[in-house]
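I have placed the structure first, in the form of structure tokens, so that the comments after it can refer back to it.
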Amino acid sequence: MPTVDEQFAILTAGTVDCIAATELRSKLDSGRPLRVKLGIDPTASDIHLGFAVVLRKLRQFQDLGHVAVLVIGDFTARVGDPTGRSATRPPLTADQVEEHALTYVDQVQRILDFAPGRIEVVRNADWLAQMDMADILKLTARTTVARIMERDDFEKRFRGGDPIALSELLYPLLQGSDSVEVRADIELGGTDQLFNNLMGRQLQTAAGQDPQVVLTTPLLEGLDGVAKMSKSLGNYVGITEPGPEQFGKIMSIPDGLMPKYFELATGWLPGQVSATIEALLSGDLPPVEAKRLLARTVVDLYHGDGAGQNAQDEFDRVFKDRGTPSEIPICEVSETLFPVRLARLLSECSLVESNREGKRKIEQGGVRIEGTKVTDADIEVTAKDMDGKTLQVGKRAWARISVTP
RNA sequence: GGGUCUGUACCCAAGUGGCCAAAGGGGACUGGCUGUAAACCAGUUGCGCAAGCUUCGGAGGUUCGAAUCCUCCCGGGCCCA
């Protein structure tokens, strides 16, 4: 068992805020397993590399003998966390939330330790949905408008004349209540959660509990290199995506983002990360090779050793050598559809969104049959032409036609 | 409650009776270059094979003709109370 100092060093490595360091030390000092809370709003169906950062931190706590308390925000998801939003987000239906919650737990198992005693998974609807008006008034009386409006994004929206639903203002309070409910010793979150997590401390203190320590992890930018990685922006790499998909996505990140990805997405020890970054910056490691290494590492992390190399081979075959992917989704098309305009066939196979878009893509030289570029935008094809043949739109969309009687 | 402004395609935003499927920018997409990076260049960006159809918060109305005018409704900002 590592000493308190060693634990402290491991746990605060790679974090941005630690409120408060002395409290963390004394909690670790107590020697008891600490309850480490992480809230997760089931607003989307995929867990991505950005969220994996904080999950990995939580795993470190588990490995040191502490208990992960995963709070599924099935209630709060219906309010919608306003964090980082410039607009009110539409509330999700109970069904959507439920569906997401299930897939989350499934995905999280790739990172967290689910051994008995190591983790508790709870849902905040269990207590939040029970609250009546008296409870809510009591809760809201614990803070002030001025305090809530200190939050950066509220303030910005308010100043900009953008609408803020009253319910959104309650969000930090609800999340804070979770901390009271689960008696959290520590709460983890991205830096965008700092305000919410501090609210937990305030509420715990008011409830006579020892306030939780708040640790925040950096936010990871998405593939565009600008906005934080998020499902809604579509700039993410999902941890359950197929290896080749992950590999390709990582190859497309801006060069400048590589150090951050090495640091936050590889699961490497700090020494290895800094050595790699140094080699990259000094020119000893060419950028392409660095990125390939990064992509392989991430794929290995989620698909097992060797998967990264396979993904890279596939990548080289398809994109470097302009070849054909090893696995192409089959598109079954009824024989009665033929003869058919190629543009229509493309949309039948979901390679494009409409016949019209299909026609455009052909005009733009982006469509190939068996690797041969199609030049006639109005071309008609027959079942015999197409059966068993591959269709390609752009660099990434593929389908193999299978004609069914 | 009163006043006033406002709601346009993924986002911002022009348009105020026909020349509007709707300027411009961003984003996205396709092609070129390349390292599926960045930068840059060219193009595309409602649906339909087409005639044409549907779209400018919603529902009605005026008109040969409406995103543009009128009525009501819904949503939002600001000021006053």
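In what follows, every chain begins at residue 1, and chains take the letters A, B, ... in the order their sequences are listed.
Spacing between B:U55 and B:A21 at atom P, rounded to whole Å, works out to 13 Å. Rounded to the nearest Å, the gap between the C1' atom of B:A42 and that of B:A50 is 29 Å. B:A66 and B:G15 have their C1' atoms separated by 13 Å, given to the nearest Å. Nucleotides B:A59 and B:U68 have their P atoms positioned 12 Å apart, rounded to a whole Å. Look at the P atom in both B:G31 and B:A37: the space between them is 12 Å, to the nearest Å. Separating the C1' atom of B:U8 from that of B:U16 is a span of 13 Å, rounded to the nearest Å.
More than 12 heavy atoms of other shown residues, nucleotides or ligands fall within 6.0 angstrom of atom CZ in A:Phe114. Atom CD of A:Glu278 sits in a sparse spot, with 12 or fewer heavy atoms from other residues, nucleotides or ligands closer than 6.0 Å.
The residue A:Pro287 sits close to a base: some heavy atom pair falls under 4.0 Å.
Aromatic ring pairs are classed by plane angle as parallel below 30°, tilted from 30° to 60° and perpendicular above 60°; the pair A:Phe319 and A:Phe315 is tilted.
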Could you run down the sub-3.5 Å N/O contacts of the protein with nucleotides 36-39 of chain B?
| residue | atom | partner | partner atom | Å |
| --- | --- | --- | --- | --- |
| B:A37 | O4' | A:Lys291 | NZ | 3.3 |
| B:A37 | O2' | A:Ile253 | O | 3.3 |
| B:A37 | N3 | A:Asp255 | OD2 | 3.4 |

Using nucleotides 40-46 of chain B, report all nitrogen or oxygen pairs with the protein that are shorter than 3.5 Å.
| residue | atom | partner | partner atom | Å |
| --- | --- | --- | --- | --- |
| B:G43 | N2 | A:Gln364 | OE1 | 3.4 |
| B:U44 | O4' | A:Gln364 | OE1 | 3.0 |

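Contact between the side-chain N/O atoms of A:Asn355 and the OP1/OP2 oxygens of B:C49 is found at a separation under 4.0 Å.
Comparing B:C49, B:G76, B:U30 by their nearest atom to the side chain of A:Arg341 picks out B:C49.
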